[in-house]
Amino acid sequence: MADTDREDEELFTEPSGTQSQPASLSTEDVSANTNGPNQDALFDDDPEDLFAEATEEVSLDSPERDILLSDGPSPAITPITPPTSVIAPRIGHTHDDMFTHSSFDEIEEEEVDDSFDINISVSDPEKVGDGMNAYMAYKVTTKTSMSLFKQREFSVKRRFSDFLGLHSKLASKYLHVGYIVPPAPEKSIVGMTKVKVGKEDQSSNEFVEKRRSALERYLMRTVKHHILLKDPDVLQFLESSELPRAVSTQALSSAGLLRMVNKAADAVNKMTIKMNESDAWFEEKQQHFESLDVQLRKLHISVESLVCHRKELSVNTAQFAKSAAMLGNSEDHTALSRALSQLAEVEEKMDQLHQDQANADFYLFSELLGDYVRLLAAVKGVFDHRIKTWQKWQDSQILLQKKREAEAKLQFTNKSDKLQQAKDEIKDEIEEMEGRVQQDERDFEQISRTIRKEVGRFEKERVKDFKTSIIKYLESLVLTQQQLIKYWEAFLPEAKAIS
Amino acid sequence: MTSIDESNKEKFRSVSVDLNNDASLLIDIPDALCERDKVKFTVHTKTTLSAFQKPEFSVPRQHEDFIWLHDTLVETEDYAGLIIPPAPPKPDFESPREKMHKLGEGEATMTKEEYTKMKQELEAEYLAVFKKTVQVHEVFLQRLSSHPNLSKDRNFQIFLEYDQDLSVRRKNVKEMFGGFFKIVAKSADEVLISGTKEVDEFFEQEKTFLLDYYSKIKDSTIKAEKMTRSHKNIADDYIHISATLNSLSVDDSTANKKNLQKLSDLFEKLRKVEGRVASDQELKLTELLRYYMRDIQAAKDLLYRRARALADYENSNKALDKARLKSKDIPQAEEHQQQCLQKFDKLSDSGKKELTIFKGRRVVAFRKNLVEMAELEIKHAKNNATLLQGCIELLKSN
């Protein structure tokens with residue numbers, strides 16, 4: 001079959017399609033955590049071409065792998081992942097039903113309807129090692145009744161770079177085909193240095209807690225995505241007791257520098273690609289997300305300011321409490337002296353109340369907004385990938401056109417001895433290009449479809465997420481007010497007792 | 001003209017209790033006008049006393065006129081044994097003015113509604129400063145009118161009645177140097193008062209108490225002020241949060257639109273409550289502490305004067321001994337010594353009375369304000385809780 005021939009060819013040709021863009025087609029800008037360009041380039045062409053026709057075939061493999069294969073490169077097949085790690089394909093672990101690509105949509109719906117019962121907690125931060133090589137190890141506990149997992153409850157120890165490594169793998173696999181991969185928490189050289197140096201003080205404790213909470217939210221968001229949940233890297237991350245170090249996630253490594261360069265290159269490219277948008281939906285959604293981004297950033301800043309002022313209030317209240325206590329001691333009228341001391345006690349309790357409220361302001365409101373600002377960047381990235389995919393298709397079409405023109409030219413040449421050979425060559429090339437153009441068009445349509453679904457899922461999730469968090473936040477505010485009432489009601493008789 | 005109606009005044013007239021009850025002399029400041037930096041108070045008097053020309057009259061007065069009156073009273077020998085009510089502080093609009101300036105600079109970064117709300121907040125703050133200054137000037141006059149001795153002071157009557165500009169009277173050369181001398185004298189007095197050996201148990205206790213209490217209450221005033229400022233900052237943050245939520249709601253086309261709007265409304269209401277918490281705390285706590293800090297300074301001044309009288313008496317004793325030794329000018333020395341002793345005794349007597357009344361007044365004022373503050377805090381917290389719970393119900397039901 002001509003198809004099969006083409007497959008074999010594709011398998012071993014240089015990924016020329018990627019030359020027109022920076023090698024990091026699948027590099028996601030947000031967290032800059034991918035593992036370098038070369039592997040990504042392989043991702044692009046190899047599996048795509050390998051399974052281009054697989055979209056019509058019936059797969060005998062597990063449904064999860066099928067979904068992965070038809071939409072993008074799969075880690076289970078190609079050893080693309082970082083050299084130091086080995087991904088164990090989940091072959092034979094799940095049921096062996098047959099699924100066709102045409103029922104891909106049905107599969108997706110089914111996954112969503114299946115009971116999503118999984119809860120992940122990140123806890124028990126523990127410092128391992130000393131000095132600049134020290135790091136924090138976190139316990140990741142998964143509780144689930146889903147058949148995807150071997151056990152119902154299990155824990156593993158992970159460090160921050162493991163999380164980054166996981167994100168990096170997921171980003172390189174899924175972002176360029178249109179899936180919104182939740183970004184990992186941000187690195188903080190300053191924060192970590194304090195911890196490493198061993199400062200056992202409040203600010204480093206706060207840093208660790210902030211990070212722990214962020215890691216937990218990151219994992220929960222990742223597994224809430226029904227595709228990502230089934231990814232072998234995710235499963236391995238949650239289940240396996242040993243995980244190879246993801247070294248190339250370090251900010252100051254050569255891989256890190258390469259990421260920065262790619263990031264810059266991408267930014268330049270984004271500016272130069274102008275797409276003829278035939279689908280108003282995409283333009284509308286892009287504008288919507290841009291406006292949402294602006295508003296969320298603004299809100300985030302205001303809430304950060306609130307957190308800051310609430311903390312100030314707590315500090316000022318504590319200082320006033322001490323001052324009032326001293327005043328009470330100094331007061332020579334007995335009843336008034338007692339009342340002032342009681343006032344000091346009330347204010348001290350309020351100081352703690354304000355401190356707790358500041359934490360609620362931060363974790364339930366501020367961090368939620370921060371997470372979504374980062375998530376929106378991932379969404380934007382996915383839209384950008386679509387544009388790149390479109391560009392690739394356009395480039396292929398142009399190339400095809402050029403080759404056709406070259407062919408036409410050959411018709412009018414008189415050099416007869418090499419002519420037939422040249423004609424054959426160009427005919428082959430044209431065939432190849434036609435295939436490529438078709439493939440690129442399919443990719444473009446696929447990514448467009450995926451993005452539509454993803455955006456729908458994302459928006460639903462976003463609304464739910466906000467509602468849940470905001471309700472929790474408001475409930476924290478209610479609690480504070482109720483406590484305030486209690487404290488002041490206890491104080492009132494004391495004040496009335498002054499005579 | 002900015003008018004302050006009676007109901008509002010009731011709220012403010014709380015640092016000193018039981019003032020302005022004597023119908024024979026009723027004073028209030030019904031009106032005040034703010035012109036750039038200067039505030040013009042309208043002092044209104046209603047009296048049945050024959051010492052005044054008319055039963056009811058009003059005069060315009062400036063802050064400097066109050067200071068003149070205060071200083072004149074302080075310098076009157078006859079009143080050395082009395083606690084002179086503390087002079088009202090100068091009207092200070094610096095804080096709201098600075099904030100208004102910053103707001104103007106940041107206008108471009110806000111939505112129109114946000115800017116309007118911030119401006120409203122600042123105007124309210126401006127008004128609050130204004131009301132406070134009126135109140136504190138009013139209380140000063142009312143303290144005077146409630147005092148059996150001071151209410152009869154001639155200068156006080158001139159202040160209330162004289163319908164010409166007082167600044168002619170105020171132009172006293174001494175006034176220009178007066179301030180400097182006062183400061184120097186004061187620090188000398190501090191040394192004097194702490195150094196003098198006290199024979200009287202009562203005054204010994206009072207001295208120790210007042211010196212210590214003053215520094216503590218000064219510190220508490222500063223800390224209370226910081227607390228109030230933090231509350232105000234939080235109220236401001238709520239404005240911004242409410243405005244952004246509103247923008248999000250406007251842009252939203254999903255079912256979430258209503259939720260965002262409700263949330264925006266909630267934060268708008270919350271910030272109003274938070275603003276009230278801040279201003280109530282300021283009035284009932286910060287202003288209370290600030291007023292009594294000044295009052296205690298006035299009590300300390302009384303102790304200084306008494307200490308000076310004591311020093312004079314001791315010096316006159318020494319002078320008498322010297323005169324006796326030299327057998328020269330004995331009658332004058334004796335007389336001088338007698339005068340000093342009389343003065344000192346008079347000061348001690350009236351001082352004792354004043355300080356006892358002062359403690360009573362302080363305790364009553366503290367009680368009233370602390371009770372009111374606790375009640376207001378409870379009211380605001382209940383209000384907040386109701387608003388929040390209402391919103392939670394609405395969000396959950398959607």
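All chains are named by letter (A, B, ...) in the order of the sequence lines, taking the proteins before the strands, and each is independently numbered beginning at 1.
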Using modelled atom types and a 3.5 Å cut-off, is there a donor and acceptor pairing between side-chain atoms of [X] and backbone atoms of [Y]?
| X | Y | answer |
| --- | --- | --- |
| A:Ser302 | B:Asp237 | no |
| A:Thr222 | A:Tyr218 | yes |
| A:Ser314 | A:Arg310 | no |
| B:Arg367 | A:Ile498 | yes |

Please classify the contact between [X] and chain A as side chain, backbone, both or neither, with a heavy-atom cut-off of under 4.5 Å.
| X | result |
| --- | --- |
| B:Ile222 | neither |
| B:Gln205 | neither |
| B:Leu387 | neither |
| B:Leu263 | side chain |
| B:Phe267 | side chain |
| B:Lys396 | both |
| B:Lys359 | side chain |
| B:Leu376 | neither |
| B:Asp219 | both |
| B:Thr109 | backbone |

When [options] are compared by non-hydrogen pairs under 4.5 Å with chain A, the top option:
| options | value |
| --- | --- |
| B:Leu266, B:Asp236, B:Ile241, B:Leu395 | B:Ile241 |
| B:Lys382, B:His231, B:Met227 | B:Met227 |
| B:Glu377, B:Lys379, B:His240, B:Arg229 | B:Glu377 |

Consider salt bridge (charged side-chain N to carboxylate O under 4.0 Å, His left out). Of B:Lys300, B:Arg361, B:Arg362, which one does B:Asp295 pass it with? B:Arg361
With a 4.5 angstrom heavy-atom cut-off, which part of [X] approaches chain B: side chain, backbone, both or neither?
| X | answer |
| --- | --- |
| A:Glu494 | neither |
| A:Leu474 | both |
| A:Gln319 | both |
| A:Lys496 | both |
| A:Leu479 | neither |
| A:Glu347 | side chain |
| A:Ile470 | side chain |

Is any side-chain N of the basic residue among [X] and [Y] closer than 4.0 Å to the acidic one's carboxylate O?
| X | Y | value |
| --- | --- | --- |
| A:Asp371 | A:Arg217 | yes |
| B:Glu287 | B:Arg290 | yes |
| B:Glu206 | B:Lys352 | no |
| A:Glu461 | A:Arg457 | no |
| A:Glu459 | A:Lys464 | no |

Residue, of [options], that accumulates the most heavy atom pairs under 4.5 Å with chain B:
| options | value |
| --- | --- |
| A:Asp332, A:Ile485, A:Leu336, A:Ile301 | A:Asp332 |
| A:Leu292, A:Leu484, A:Val294, A:Thr317 | A:Thr317 |
| A:Ser330, A:Ala495, A:Ala339, A:Pro493 | A:Ser330 |
| A:Met326, A:Glu331, A:Glu489 | A:Glu331 |

What are the two closest heavy atoms between A:Ala378 and A:Pro183, and how far apart are they? CB-CD, 4.5 Å
Using salt bridge (charged side-chain N to carboxylate O under 4.0 Å, His left out), reason through A:Arg221 and A:Asp465 one step at a time and then give a plain yes or no. CA-CA 10 Å; A:Arg221 285 214 177 87; A:Asp465 211 352; 3.1 Å; yes
Atom [atom1] of [X] and atom [atom2] of [Y]: how far apart are they, to the nearest 0.5 Å?
| X | Y | atom1 | atom2 | answer |
| --- | --- | --- | --- | --- |
| B:Leu303 | B:Ile296 | CG | CD1 | 11.0 Å |
| A:Ile227 | A:Thr450 | CD1 | OG1 | 8.5 Å |
| B:Gln281 | B:Thr286 | CD | OG1 | 6.0 Å |
| A:Phe458 | A:Tyr372 | CZ | OH | 6.0 Å |

Residues of residues 279-288 of chain A within contact distance of chain B, non-hydrogen under 4.5 Å: none
As a test of understanding, state which of B:Gln261, B:Lys258, B:Lys257 forms a side chain to side chain donor-acceptor pair (under 3.5 Å) with B:Ser249. B:Gln261
Listed by chain and number, what are the salt bridge (charged side-chain N to carboxylate O under 4.0 Å, His left out) partners of B:Asp212, not counting sequence neighbours? B:Lys216
